[in-house]
Amino acid sequence: MDCSLCKQPAVSVSPCYCKEHFIAYFENKVATTIKRFKLLKKSEKAGVAVSGGKDSLSLLYLLHKSGYNVTALAVDEGIKGYREKTIKKMVSFCKKRKIRFKVSSFREEFGKPLDDMLKNKEVRPCTVCGILRRQLLNKMSRQFDVLATGHNMDDEAQAVMMNLLKGSTELMKRQGPVSGAIKIKRFTKRIKPFYYCGEKEVMIYSFLNGIITEFAECPNIGLSFRLRIKESMNEIETRYPGTKKNTLDWFIKRKDGFLQQSSKENICERCGEPSANNVCNSCRLVQNICA
């Protein structure tokens with residue numbers, strides 16, 4: 001199959017582009033998203049949350065290539081046999097491209113690695129990890145203007161559907177290309193330049209640029225509610241192409257309505273971090289699982 005724009009072999013089916021044209025297409029899509037939603041300026045400092053996967057490393061690579069002032073921010077949750085390998089890979093990735101790299105850990109911040117937190121506790125690994133990881137990244141990103149994450153279109157469509165099914169309108173207020181319901185000083189603005197990039201597109205981009213040659217998933221992924229939603233949405237997308245993008249377009253048109261319901265957020269009385277309640281979810285978790 002040849003590229004629809006030239007006679008070179010195609011590397012993707014939809015769009016049917018060769019390597020050169022696919023990379024240009026992908027990078028233009030990201031640039032358009034950044035411009036449309038006013039995500040980031042060249043004069044701003046961006047912390048990029050990296051996990052070692054295709055999405056976060058591709059985002060770091062693209063923003064760095066595009067001339068943005070970026071620093072990679074990683075969290076060592078303490079998942080034995082997994083996280084130490086990805087940190088080693090991220091260090092090598094950043095060193096090769098002369099990108100600043102910083103890492104913090106659950107053990108340093110909360111007193112225990114994730115593996116120990118989960119011992120003899122009836123809690124969902126992804127719930128614990130997600131809450132604590134978000135707080136730690138927020139602390140690490142305070143010296144930056146924005147915190148960029150590699151969430152792609154699939155991730156975001158899944159999040160919309162998950163919150164609809166759970167009736168979590170409070171969480172829906174914080175979704176979108178720019179996260180957060182209202183502006184507060186201690187919460188770094190979070191941006192998602194890959195908002196309209198499909199997971200397969202990111203995968204192709206990462207391979208074409210030699211960013212990722214193999215994939216390693218977190219061993220806890222099989223226990224997540226998100227995985228069930230992901231499988232269902234992939235099946236629907238196969239039958240009805242465009243469903244994921246339509247889901248995000250529907251949400252973007254209605255996000256202002258969710259934001260109008262927002263009330264002033266609190267500061268956690270224990271740790272001083274931004275919170276929707278007097279005591280944040282992170283402090284509640286730490287009290288229950290680290291005692």
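Position 1 is the first residue of the sequence; numbering continues from there.
Taking the six-membered ring where tryptophan is involved, the planes of Phe110 and Phe106 are perpendicular, since the angle between them exceeds 60° and thus also 30°.
Defined by atom type and a distance below 3.5 Å, a donor-acceptor pair is present between the side-chain atoms of Asn163 and Gln175. For the residue pair Arg83 and Thr86, a side-chain donor N or O sits within less than 3.5 Å of a side-chain acceptor on the partner. Between the side chains of Asp249 and Tyr196, at least one donor N or O lies within less than 3.5 Å of an accepting N or O. Residues Asn69 and Arg100 bring a donor and an acceptor atom of their side chains to less than 3.5 Å of each other.
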**Asked** ring pair (Phe, Tyr, Trp, His ring centres under 6.0 Å) between Phe26 and Phe194: does it pass, once the steps are laid out?
**Response** CA-CA 9 Å; Phe26 184 89; Phe194 285 177; 5.4 Å; yes
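When the options Ile99, Ile211, Leu73, Asp55 are evaluated for a side-chain contact (heavy atoms from CB on, under 4.5 Å) with Leu60, the one that passes is Ile99. Screening Lys230, Met233, Arg226, Lys166 for a side-chain contact (heavy atoms from CB on, under 4.5 Å) with Met161, the sole residue that qualifies is Met233. The one candidate from Leu136, Thr71, Leu147 that meets the side-chain contact (heavy atoms from CB on, under 4.5 Å) condition with Ser141 is Leu147.
Taking a 6.0 Å sphere around CD of Glu20, one finds it holds 12 or fewer heavy atoms contributed by other residues, nucleotides or ligands. Residue Lys41 qualifies as open at atom NZ: its count of foreign heavy atoms under 6.0 Å is 12 or below. Annotation: Lys29, atom NZ; neighbour count of heavy atoms from other residues, nucleotides and ligands within 6.0 Å is above 12. Residue-environment remark: NZ (Lys42) exceeds the threshold of 12 foreign heavy atoms within 6.0 Å.
Salt bridge Lys112/Glu77: absent, no basic N to carboxylate O contact under 4.0 Å. Residues Lys119 and Asp115 are not paired through a salt bridge, judged by the lack of any N-O separation under 4.0 Å between the basic side chain and the carboxylate. The residues Glu156 and Lys244 are annotated as not salt-bridged, no charged nitrogen and carboxylate oxygen being separated by less than 4.0 angstrom.
Transitive grouping of hydrophobic side chains (ILVMFWY, heavy atoms separated by less than 4.5 Å) brings Leu164 and Phe251 into a common cluster. Both Trp250 and Val178 are members of a single hydrophobic cluster when ILVMFWY side chains are connected at heavy-atom separations under 4.5 Å. Linking ILVMFWY residues whenever their side-chain heavy atoms come closer than 4.5 Å, directly or via other members, leaves Met162 and Ile236 in distinct clusters.
For the pair Ser51 and Arg133, the minimum side-chain heavy-atom distance is below 4.5 Å.
Under the side-chain hydrogen bond (donor to acceptor under 3.5 Å, both in side chains) criterion, Glu27 pairs with Lys65, Tyr205, sequence neighbours left out.
For the atom pair CD1 of Ile34 and CG of Leu63, the computed distance is 5.5 Å after rounding to the nearest 0.5 Å.
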